[in-house]
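Note sheet for the following structure.
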Amino acid sequence: MELYLLDWANLLLRWLHVITAIAWIGSSFYFVWLDNSLIPPDDDAARERGVSGEIWSVHGGGFYNAQKYPVGPKQMPKSHLHWFYWESYSTWLSGFGLFTMLYLWNAGSFLVDKSRMDWSPVVAGSAALGFLVAGWLVYDQICRLFGQKKAADGTVSTGHDARVLILLFIYSVAATWLACQLFAGRAAFLLMGAMLATIMSANVFFWIIPGQRKVVAQLIAGQKPEAIHGQRGKQRSVHNTYFTLPVLIAMLSNHYGMLFQHPQNWLVLSSLMLAGALIRQFFVARHKGKQPWALVAGALAILAALVVWLAPSATVVTGPAVPSLTEVRAVIERRCVLCHNAALQNKGVALHTPELILQHAQQIQQQAVLQRTMPFNNATQITEGERALIGRWIAAGAKPD
């Protein structure tokens, strides 16, 4: 009953996480599109009010006129002011809850790969939390040190955007490499997605919303708003939009063993995230009326290269001799039956008899030979030779002795 209830909690929390993520990403994408699609207003009255850009749009049978004040209106509107932040906070909180339930609660199984780091579940869990915190702190320092400039009169403004984005890419690759050295491959991929998502939500919590609150307070007090708050909020929002697709691919790719089990899994994930960033840049540029198809071509070239690079080696299914079922069964008893037996049929699969091995031969090939997701985190230390042996037996028809 306990496992049954945990499955329900897992399902509902995952569902909540997806719902809130859709709301956050959707609003983020909309405002990036809006910001890059505005045109100077034709109306003198709008310009007098301080409107720098506007756009007319039609949706759902109605017409909308969105206007932007670069710093703030001359007077705060008396009508309701909507704040966009709960989408971010809810996404992060639900994601962290899911991460706690699946990875921290079962750190010994999900976070630890003893061939990489042989540490206790408590230490591994603490390291994972530290990784998330350090990810934000380092990112924030990069923005503070390299993402702003001071004028001769002492005023501070944001700048050096290209340099900052290059530094953030280098930092993301370095963090990916570190995660893949410390944690099991699947956990490392998820942690990188969680680290970038934490940065995104922390940007909202520590910079974007507080800056907007200061501007609102200054407007209410009849003061001229400081431009730096809007500039910094825009800078962090731009970073967030480039992180979005890398976060999504990191979260999705940890379900595919052919990716996270690769010996150079850090390079695999870095390449996927780069492809995501290029695709996002294409859409950002497209909002401005440009058509940089070279970005799409670059992303597709990266993905095509990964498909070729990660293709299963022919040595997996060929060899000097076709193994017997007896040889295959010996490997499965050592490496698989611990979790797939009569008492514990993980995922409804049992492999403790020759008949069951024959019945599930294709699943064994998919999970242990091609995708390499099993044994989970290679807890039973199956060797490459043993995977190849199983692959040759299945390629030859998975015949009984």
Side-chain angles (χ1 to χ4, degrees), residues 18 21-39 53 55 57-59 66 87 91 139 142 147 160-177 180 188-190 192-197 199-200 203 234-260 262 264-312 371:
V18 171
I22 290 172
W24 185 16
I25 294 171
S27 63
S28 173
F29 278 19
Y30 170 73
F31 278 103
V32 170
W33 168 82
L34 181 64
D35 213 32
N36 288 297
S37 302
L38 297 173
I39 59 174
I55 188 171
S57 54
V58 59
H59 180 76
E87 297 89 343
T91 301
Y139 160 82
I142 290 174
H160 311 300
D161 294 336
R163 182 172 69 177
V164 172
L165 289 174
I166 291 171
L167 288 173
L168 292 180
F169 172 71
I170 295 171
Y171 170 54
S172 298
V173 173
T176 303
W177 177 86
C180 290
F189 277 38
L190 181 117
M192 270 309 300
M195 187 195 86
L196 295 179
I199 290 172
M200 293 170 66
N203 274 338
K234 174 67 181 300
Q235 180 190 57
R236 301 297 178 111
S237 292
V238 169
H239 295 173
N240 279 4
T241 202
Y242 286 116
F243 284 147
T244 303
L245 296 189
V247 166
L248 290 177
I249 194 60
M251 296 297 189
L252 292 173
S253 60
N254 80 88
H255 294 284
Y256 297 89
M258 61 185 180
L259 304 176
F260 65 76
H262 194 275
Q264 281 78 46
N265 52 3
W266 67 272
L267 186 55
V268 173
L269 180 56
S270 296
S271 300
L272 288 170
M273 292 195 297
L274 175 58
L278 291 175
I279 292 169
R280 186 69 190 119
Q281 171 59 20
F282 167 78
F283 282 101
V284 170
R286 198 164 182 264
H287 299 331
K288 299 178 181 179
K290 302 175 183 177
Q291 301 287 339
W293 290 104
L295 294 173
V296 177
L300 293 177
I302 291 172
L303 296 176
L306 286 174
V307 171
V308 174
W309 181 33
L310 303 180
Q371 290 195 0

Exercise. Heavy atoms, side chains only, cut-off 4.5 Å: are Val307 and Leu303 in contact?
Worked result: no
For this session: Output yes when a side-chain donor or acceptor of Thr244 lies under 3.5 Å from a complementary backbone atom of Asn240, and no otherwise.
Result: yes
Exercise. Measuring from Leu278:CG to Tyr242:OH, what's the distance to the nearest 0.5 Å?
Worked result: 10.0 Å
Problem set entry | Validation row: Leu269, Leu259 side chains within 4.5 angstrom (heavy atoms) | no
Problem set entry | Closest non-hydrogen atom pair between Ala21 and Thr91, with its separation | N-OG1, 3.3 Å
Exercise. Would you call Phe283 and Val32 a side-chain contact if the rule is heavy atoms closer than 4.5 Å?
Worked result: no
For this session: Find the distance between CZ (Phe189) and CG (Leu272) and round it off to the nearest 0.5 Å.
Result: 7.0 Å
Exercise. Does the side chain of Thr241 reach to within under 4.5 Å of the side chain of Phe31, using non-hydrogen atoms?
Worked result: no
Exercise. So how far is it from Asn265 CG to Trp177 CH2, rounded to the nearest 0.5 Å?
Worked result: 11.5 Å
Exercise. Is any side-chain heavy atom of Val238 less than 4.5 Å from a side-chain heavy atom of Asp161?
Worked result: no
Exercise. Under a 4.5 Å cut-off applied to non-hydrogen side-chain atoms, are Val164 and His239 in contact?
Worked result: yes
Problem set entry | Atom of Trp266, atom of Thr176 and distance for their closest heavy-atom approach | O-CG2, 3.4 Å
Problem set entry | Min side-chain heavy-atom separation Phe29-His287 under 4.5 Å | no
For this session: Work out which heavy atom in Pro246 is nearest to a heavy atom in Met273; give both atom names and the distance.
Result: CG-O, 3.4 Å
Problem set entry | Separation between CD of Gln264 and OG of Ser271, rounded to the nearest 0.5 Å | 11.0 Å
For this session: Looking only at non-hydrogen atoms, find the nearest pair between Ala299 and Ile279 and report the distance.
Result: CB-CG1, 3.6 Å
Problem set entry | Whether Trp293 and Phe282 hold their rings parallel, tilted or perpendicular, with breakpoints at 30° and 60° | tilted
For this session: Find the distance between CD1 (Ile25) and CG (Leu245) and round it off to the nearest 0.5 Å.
Result: 8.0 Å
Seminar exercise, completed: What one should report as the nearest heavy-atom pair of Leu34 and Ala66 is CD1-CB, 3.8 Å
Exercise. For Met258, does its backbone N or O pair with a side-chain atom of His262 as donor and acceptor, under 3.5 Å?
Worked result: no
Exercise. Looking at side-chain heavy atoms only, is the closest gap between Ile142 and Tyr139 below 4.5 Å?
Worked result: no
Problem set entry | Rounded distance (nearest 0.5 Å) linking atom CD1 of Ile170 with atom CG of Leu165 | 11.5 Å
Exercise. Would you say Gln235's side chain and Gly147's backbone share a donor-acceptor pair under 3.5 angstrom?
Worked result: yes
Exercise. Donor-acceptor pair, Ser27 side chain versus Trp24 backbone, under 3.5 Å?
Worked result: yes
Problem set entry | Least distance between heavy atoms, Ala250 atom then Ser253 atom | O-OG, 3.3 Å
Exercise. Backbone N or O of Lys288 within a donor-acceptor pair of the Asn36 side chain at under 3.5 Å?
Worked result: no
